[in-house]
Amino acid sequence: GQNNEPHITSAAVAVNPRSGFNSYWQMPFRKRCKITMENRGRSTATLYYQIDYSLEQVEEETPYFHAQFRRVNPLPKGDVYTIVDGIRGRGHYVGTYLAHGANGNTWWGEGEIKFYMDGDTEFPTICGTGEEDYFCGSYGYEERREGEEWKYASFSNLYTGFHHIDFRGDQRRFGKYRWHILDPVRFQRELRITIQCLGCQSEGRYLQLEDDLASVAYWYQLEPHAAFPPLPPDDDLVIDKR
């Protein structure tokens with residue numbers, strides 16, 4: 001948001017004026033729970049919070065909540081962006097948040113999302129029709145150019161949302177979410193999710209892009225879970241403010 005946080009009204013996450021960040025993902029535990037926050041910046045941060053919980057019986061087959069962050073900037077030309085990989089076990093995928101920084105001046109949201117699960121190799125079980133379609137938008141989020149600026153129609157609802165950051169600079173920036181709460185993606189043994197980074201060029205041809213992509217994947221699974229990859233170093237998390 002860069003001090004201009006969007007208002008998000010969803011079933012799992014709410015952002016209320018002005019930086020009221022609220023999460024409603026259920027996070028079951030059987031014995032104990034520990035929540036930590038790390039300041040990886042160079043200046044002091046102020047944090048205030050409230051955690052609500054209930055103590056009750058958790059059934060043996062209740063899966064645990066997992067979330068994983070990734071970022072690649074820029075995505076090497078021709079590569080696909082990996083939202084999550086290496087999930088091992090049985091569970092269900094419940095959501096994707098994607099931050100997309102478009103480094104070019106053409107349409108950027110044509111990439112297909114692909115869900116590889118339970119033995120898939122070359123062809124995924126689920127293949128989307130385009131980035132804006134997966135996040136339940138259409139026709140370029142009503143993309144239009146007004147003078148030197150690009151404008152888009154932002155939206156937020158229970159399960160999907162899209163926000164164009166009103167930012168004057170070299171890079172157009174977008175945040176979007178898709179919660180699979182009513183349509184979970186169930187897997188029995190393994191799951192990997194990728195999304196292409198594609199735009200359009202003349203004569204209806206696709207254009208491979210080298211954009212700034214970051215994501216958080218959300219899922220539930222029975223333990224044990226596979227090891228997570230390390231978080232990027234601090235310098236790779238910086239957002240250029242030009």
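Here L98 contributes atom CG and I195 contributes atom CD1; the two are 5.5 Å apart, rounded to the nearest 0.5 Å. From D120, atom CG reaches atom CZ of F115 across 12.0 Å, with rounding to the nearest 0.5 Å. One distance of note links CG of L213 with SG of C197; it measures 4.5 Å at 0.5 Å rounding. Remark: N105 CG to Q171 CD distance equals 13.0 Å, nearest 0.5 Å. Here CD of E143 is found 9.5 Å from NE2 of H164. Values are rounded to the nearest 0.5 Å. Residue T44 holds its OG1 atom at 7.5 Å from CG of N39, rounded to the nearest 0.5 Å.
A perpendicular orientation is assigned to the rings of F228 and H225, their planes being inclined by more than 60° (bins at 30° and 60°).
Across every non-hydrogen atom of P17 and H7, the tightest pair is CG-NE2, 3.2 Å. Minimum heavy-atom separation, P28 to P63: CG-O, 3.3 Å.
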For a quick test of your reading: what N or O donor-acceptor pairs under 3.5 Å do the side chains of residues 106-114 make, sequence neighbours left out?
unit_1 : atom_1 : unit_2 : atom_2 : d
W107   : NE1    : E110   : OE1    : 2.7
W108   : NE1    : Y152   : OH     : 3.2

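Under a 3.5 Å cut-off, the side chain of Q201 and the backbone N or O of Y206 do form a donor-acceptor pair. With R173 contributing its side chain and A99 its backbone, the two residues share no donor-acceptor pair below 3.5 Å.
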Give the C-alpha distance, both sets of side-chain angles, the deciding distance and a yes or no for side-chain hydrogen bond (donor to acceptor under 3.5 Å, both in side chains) between T82 and D85.
CA-CA 7 Å; T82 298; D85 192 7; 5.6 Å; no
Determine, stepwise, if the pair E223 / H66 fulfils side-chain contact (heavy atoms from CB on, under 4.5 Å).
CA-CA 10 Å; E223 294 296 329; H66 298 71; 2.8 Å; yes
Derivation of the side-chain hydrogen bond (donor to acceptor under 3.5 Å, both in side chains) call for T129 and Y134
CA-CA 7 Å; T129 57; Y134 171 68; over 6 Å; no
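Legend: side chain to side chain donor-acceptor pair (under 3.5 Å) pairs involving residues 86-95, not counting sequence neighbours, sorted by first then second residue: E61-R90, Y93-T96. For the side chain to side chain donor-acceptor pair (under 3.5 Å) condition, the pairs that include at least one residue of residues 21-30, sequence neighbours left out, are R30-Y64.
A search for salt bridge (Lys or Arg N to Asp or Glu O under 4.0 Å) contacts involving E56 returns nothing, not counting sequence neighbours. Under the salt bridge (Lys or Arg N to Asp or Glu O under 4.0 Å) criterion, E131 pairs with K176, sequence neighbours left out. In this structure Q50 satisfies the side-chain hydrogen bond (donor to acceptor under 3.5 Å, both in side chains) test together with D52, sequence neighbours excluded. Every residue two or more places apart in sequence or in another chain was checked for a ring-ring contact (aromatic ring centres under 6.0 Å, His included) with F29, and none qualifies. For R205, there are no salt bridge (Lys or Arg N to Asp or Glu O under 4.0 Å) partners two or more places apart in sequence or in a different chain. With sequence neighbours excluded, the residues forming a ring-ring contact (aromatic ring centres under 6.0 Å, His included) with F162 are Y141, F174, listed by chain and number. R40 pairs by the side chain to side chain contact (heavy atoms under 4.5 Å, CB included) definition with E38, L231, D234, L237, not counting sequence neighbours. Annotation: side chain to side chain contact (heavy atoms under 4.5 Å, CB included) contacts of A67 (sequence neighbours excluded): F65, V216, Y218.
Applying the under-4.5 Å side-chain rule to Ile, Leu, Val, Met, Phe, Trp and Tyr, the cluster around Y116 consists of that residue alone.
No donor-acceptor contact under 3.5 angstrom links the side chains of D118 and Q188, judged on distance only. At a cut-off of 3.5 Å, with distance as the only test, a side-chain donor of S10 or W179 sits close to an acceptor on the other residue. Counting only N and O atoms by type, the side chains of H100 and D212 include no donor and acceptor under 3.5 Å apart.
The existence of a salt bridge linking R178 and D183 is confirmed by a sub-4.0 Å separation between a basic side-chain nitrogen and an acidic carboxylate oxygen. By the 4.0 Å N-to-carboxylate-O rule, R192 lies too far from E190 to be salt-bridged with it.
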